[in-house]
Amino acid sequence: MAPLIHRMTPLLEIEDLHVAYAGRTGEMAPALAGVGFQLQPGEILGVLGESGSGKSTLASALLRLLPANGQLRQGKVLFEGKDLLSASPQELRKIRGARIGLIFQEPSSALHPALRIGRQVGDVLAAHEFLDRPTLRKKTMEVVAELFSADAERIYRSYPHELSGGQRQRVLIAQAIVCGPSLLIADEPTASLDPTTQQEILQLFATLRRKLGLAIILITHNPAVLVGLADRVLILYAGRVAELGPTAQVLATPGHPYTKALFRCLPSHFDEARNFSKSVLNVIPGEPPDLSRHSAGCQYEPRCAEKMEVCKSREPSAFAVSEAHRVSCFKFAG
């Protein structure tokens, strides 16, 4: 993993972000509550959690792409010094796709089935730059060749159904980087891929970070994909930050009971080669909380094997385990 170079000014700063969804009867259910973190230029941050933990909501909120029933209630999203939550629609159009690229989970639904790959990648570039047709094709082909060095011309002329799942995912990455962004948000980009192809895509992210200086937010439910790739990991539970710290440190000595429970659900062995060995997987007892019902205590308390009396009445703050490692659990309160 390439060394992370910290700079004075973060590329991205999230401050006290709150997002809620309106239910059918009008009640508001919090999906993110007080989420905050910073991302340095060139850093890879893994965002980890169960389904429903708020991972995809976080990705949508950063670009103000929430569904109609979603509401940004509080907070700041400072990208390159500008608050995206107060940006105008015109300002956002200049940032989405150009300065921030978004990679979706399922390429089969993200790509237009009736358009050739070259057209779909080139359309992203054309939306942000005024180029004549020869220049547009040249720049598009350069990006396609970057990701498909051995077969770029064929890929450029192909339709999505003529490509494999891994090739379609690379096309989504080509769309995300064609304008030269400084940040990629990848929402479960390997979830639908076989293990070999998954490994290839993860290696591609490492290469893009090294060659282009990209910062990446990599959203996943699987801690194993972060090994040897992500600099830090942020653990979300019920829309709250349960733990945030250097990936190697969190994987080796997880602090939050939820983080420990997540890791116990993995195959018993995973390493930098992402090799697995175990036939029966553990599960986390209980169910995720109903976010439409307010709870005064820790959201994880009903499922927690290490809960204390205070966990029922108050929500924990983030406590410092080390200079770079914070855990929202009363075990570290003093």
> Between Glu315 and Arg240, is the closest basic N to carboxylate O distance under 4.0 Å?
yes
> Is there a donor-acceptor pair under 3.5 Å between the side chain of Gln167 and the backbone N or O of Ser164?
yes
> Are more than 12 heavy atoms, taken from residues, nucleotides or ligands other than Arg314, located less than 6.0 Å from that residue's CZ atom?
no
> Looking at Glu91 and Lys82, is any side-chain nitrogen of the basic one under 4.0 Å from a carboxylate oxygen of the acidic one?
yes
> Tell me, yes or no, whether the heavy-atom count around Glu309 atom CD, taken from other residues, nucleotides or ligands under 6.0 Å, exceeds 12.
no
> Over 60° means perpendicular and under 30° means parallel, so tell me whether His256 and Tyr258 are parallel, tilted or perpendicular.
perpendicular
> Between Lys260 and Glu306, is there a side-chain N and carboxylate O pair less than 4.0 Å apart?
yes
> Could you measure the distance from the CG atom of Leu218 to the CG atom of Leu45? Nearest 0.5 Å is fine.
9.0 Å
> Before giving the answer on side chain to side chain donor-acceptor pair (under 3.5 Å), spell out for Tyr156 and Thr140 the whole-Å C-alpha distance, their side-chain angles and the decisive distance to 0.1 Å.
CA-CA 9 Å; Tyr156 186 94; Thr140 302; 5.2 Å; no
> What are the two closest heavy atoms between Lys307 and Pro302, and how far apart are they?
NZ-O, 4.0 Å
> Would you indicate whether Lys138, at its atom NZ, is surrounded by more than 12 heavy atoms from other residues, nucleotides or ligands within a distance under 6.0 Å?
no
> Honestly curious: do Leu115 and Val143 fall in one hydrophobic cluster under the side-chain, below-4.5 Å linking rule?
no
> Count I, L, V, M, F, W, Y as connected when their side-chain heavy atoms are under 4.5 Å apart, and connections chain through other members. Are Leu234 and Leu78 then in the same cluster?
no
> Between Lys94 and Glu80, is there a salt bridge with N-O shorter than 4.0 Å?
no
> Could you grab the distance from atom CD1 of Ile117 to atom CZ of Arg170, nearest 0.5 Å is fine?
13.5 Å
> Using every non-hydrogen atom in the two residues, find where Ala176 and Pro181 come nearest and quote the distance to one decimal.
O-CG, 3.2 Å
> Under 3.5 Å, is there a donor-acceptor pair between the side chain of Lys55 and the main chain of Glu50?
yes
> Measure the shortest side-chain to side-chain distance between Val250 and Phe263 over non-hydrogen atoms and say whether it is less than 4.5 angstrom.
yes
> Does atom CZ of Arg99 have more than 12 heavy-atom neighbours from other groups under 6.0 Å away?
yes
> Yes or no on side chain to side chain contact (heavy atoms under 4.5 Å, CB included) for Asp16 and His18, after CA distance, side-chain angles and deciding distance?
CA-CA 6 Å; Asp16 195 28; His18 291 253; 2.9 Å; yes
> Ignoring hydrogens, what is the shortest heavy-atom contact between Gln40 and Ala215? Give both atom names and the distance.
O-CB, 3.7 Å
> Can a donor-acceptor pair be found, under 3.5 Å and without considering hydrogens, that links the side chain of Glu188 to the backbone of Phe104?
no
> For the residue pair Tyr237 and Tyr300, categorise the inter-ring angle as parallel (less than 30°), tilted (30 to 60°) or perpendicular (more than 60°).
perpendicular
> With no hydrogens and no angle check, just 3.5 Å: does a side-chain donor-acceptor pair link His325 and Glu243?
yes
> Under 3.5 Å, side chain of Ser313 to main-chain N/O of Gly297, donor-acceptor pair present?
no
> Looking only at non-hydrogen atoms, find the nearest pair between Gly166 and Thr197 and report the distance.
CA-CG2, 3.4 Å
> Can Glu146 and Lys211 be counted as an ion pair, charged N to O under 4.0 angstrom?
yes
> Quick one: CD1 on Ile14 to CG on Leu39, what's the gap to the nearest 0.5 Å?
8.5 Å
> Please answer: with hydrophobic residues joined when any side-chain heavy atoms are less than 4.5 Å apart, are Val178 and Leu111 in the same cluster?
yes
> Are Asp231 and Arg209 ion-paired here, with the side-chain N under 4.0 Å from a carboxylate O?
yes
> For Leu85, what residues pass the side-chain contact (heavy atoms from CB on, under 4.5 Å) criterion, not counting sequence neighbours?
Leu17, Arg64, Leu72, Val77, Asp83
> Hydrophobic cluster membership, with links at side-chain heavy-atom distances under 4.5 Å among I/L/V/M/F/W/Y: are Leu12 and Leu65 in one?
yes
